[in-house]
Amino acid sequence: MSRSPSLPDRPRLDLDPEMSDAERLAAIKQHYERIVQVHDELDDRLDDANERRQELREEVDQLQRRNEMLKTSSLYIATVEELTEDGVVIKQHGNNQEVLTEVNPRLENELDAGDRVAVNDSFAVQQLLDDETDARAQAMEVDESPEVTYDDIGGIDEQIREVREAVEDPLLNPEKFDTVGVEPPSGVLLHGPPGTGKTMLAKAVANQTDATFIKMAGSELVRKFIGEGSRLVRDLFDLAAEREPAVIFIDEIDAVAAKRTDSKTSGDAEVQRTMMQLLSEMDGFDDRGDIRIMAATNRFDMLDGAILRPGRFDRLIEVPKPNAEGRERILRIHTSEMNLAETLDFADLAEETEGMSGADLASLTTEAGMFAIRDGRDEVAMTDFTDAMAKIEQTDADPQTVYHY
Ligand SMILES: Nc1ncnc2c1ncn2[C@@H]1O[C@H](COP(=O)(O)OP(=O)(O)OP(=O)(O)O)[C@@H](O)[C@H]1O
């Protein structure tokens, strides 16, 4: 790594008592010019350093994500067939190959025939797994009738309108599209900072259309084992087909659909396989009937272009943090059941909470309520909100989280 060149010397002004006034003036003038020059030089260097800092920050962030992915190095799945004196006989899923192998000493007394296990490249048993149905249940959240309505969502009216048009209309009024002769968007991708109401939007549209809401977290898809991510994607679409009308919601889609990296590690290959399965499910989507697909990400910049092609996530909706008017609306929604002091000024509160997301505002109201309770009052006042804000700001001083919006 090259060291940065040393800083320019601080200019010095040497005035000789013998000098004439004219000579002094000339020396001061020259000194002044030198100072301006050094200043400009330092300014440029500062700009360069800031730019470099930004680049490094982005690099660190990329590396952190890759590191996360690599830490979960992939294992294969097998079923224990028999426990023998010489070791354990397992049968690998996928190719049905039977292998006599060893067991991690930690698990020696834990295994029984029929258990589902994870094995490494040399077939040694590394983990005892939940049975398959549990793994699926963990990765998917199914809600027959979510309770969120559009009225519960504040500050993103335009986004609600777009979602209704792209997801609700094709489910409730498919003939509109037939008559005009256009295909409704295949998938809708909501992108924006965390806690802005993306999941709420997906739930509200499922509610409005009496559809089953099926959520899968992208991070769950990549934490699994070889072949399991793509299997879960298949299960997800099969389940939706069984339950139609259904809204599939894939949260944190960037976990499975990040831009390709150069590395060829097995973890990466597994993520790629999962993404390919997702793409192929979406491509074969035409005959799937009353199923709409939505996804969300906080990392739009990370997404692989393949996922955004026509016929896939071809309707992008940005869900930003709320403006003052939106914050006021969200605060009103979240305090609607609260006993509020008459002096509470929502417009003021909305101004004070600049930069907060819907989720931040929701916790702010709860926190304010807690302050009132602690104080033995049955009304929540402006001071409770001010105290709650101070508390939240203090918690936020922890610089762990880096957001990209
Ligand atoms: N626009 C909003 N209006 C009202 N409440 C909101 C809004 N946005 C967020 N909330 C509150 O924050 C909670 C979390 O919101 P939600 O899960 O929809 O955010 P998200 O955008 O999906 O976040 P993430 O990206 O972290 O998954 C909601 O349950 C709700 O209480």
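Residue numbers start at 1 and run along the sequence shown. Both counts, for ligands and for their atoms, begin at 1 and track the order of listing.
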## Note on the structure
Closest non-hydrogen contact found for Phe123 with Ile90 is O-CD1, 4.1 Å

### Message
One thing to verify: whether Asp360 and Lys321 come together as a salt bridge, which I'm taking to mean a side-chain N less than 4.0 angstrom from a carboxylate O.
### Response
no

### Query
Which residue pairs pass the salt bridge (charged side-chain N to carboxylate O under 4.0 Å, His left out) test with at least one member in residues 144-163, sequence neighbours excluded?
Glu144-Arg243, Glu158-Arg161, Arg161-Glu165

### Summary
For ligand 1, protein residues within the heavy-atom limit of under 4.0 Å are Asp152, Ile153, Gly154, Pro194, Gly195, Thr196, Gly197, Lys198, Thr199, Met200, Asp251, Asn298, Ile330, His334, Gly358, Ala359, Ala362

### Query
Is it true that Glu325 and Arg329 make a salt bridge, defined as a side-chain N closer than 4.0 Å to a carboxylate O?
no

### Query
Going by distance alone, is a donor N or O of one side chain under 3.5 Å from an acceptor N or O of the other, for Gln97 and Tyr76?
no

### Query
Between Leu189 and Ala296, what is the shortest heavy-atom contact and its length?
CD1-N, 4.2 Å

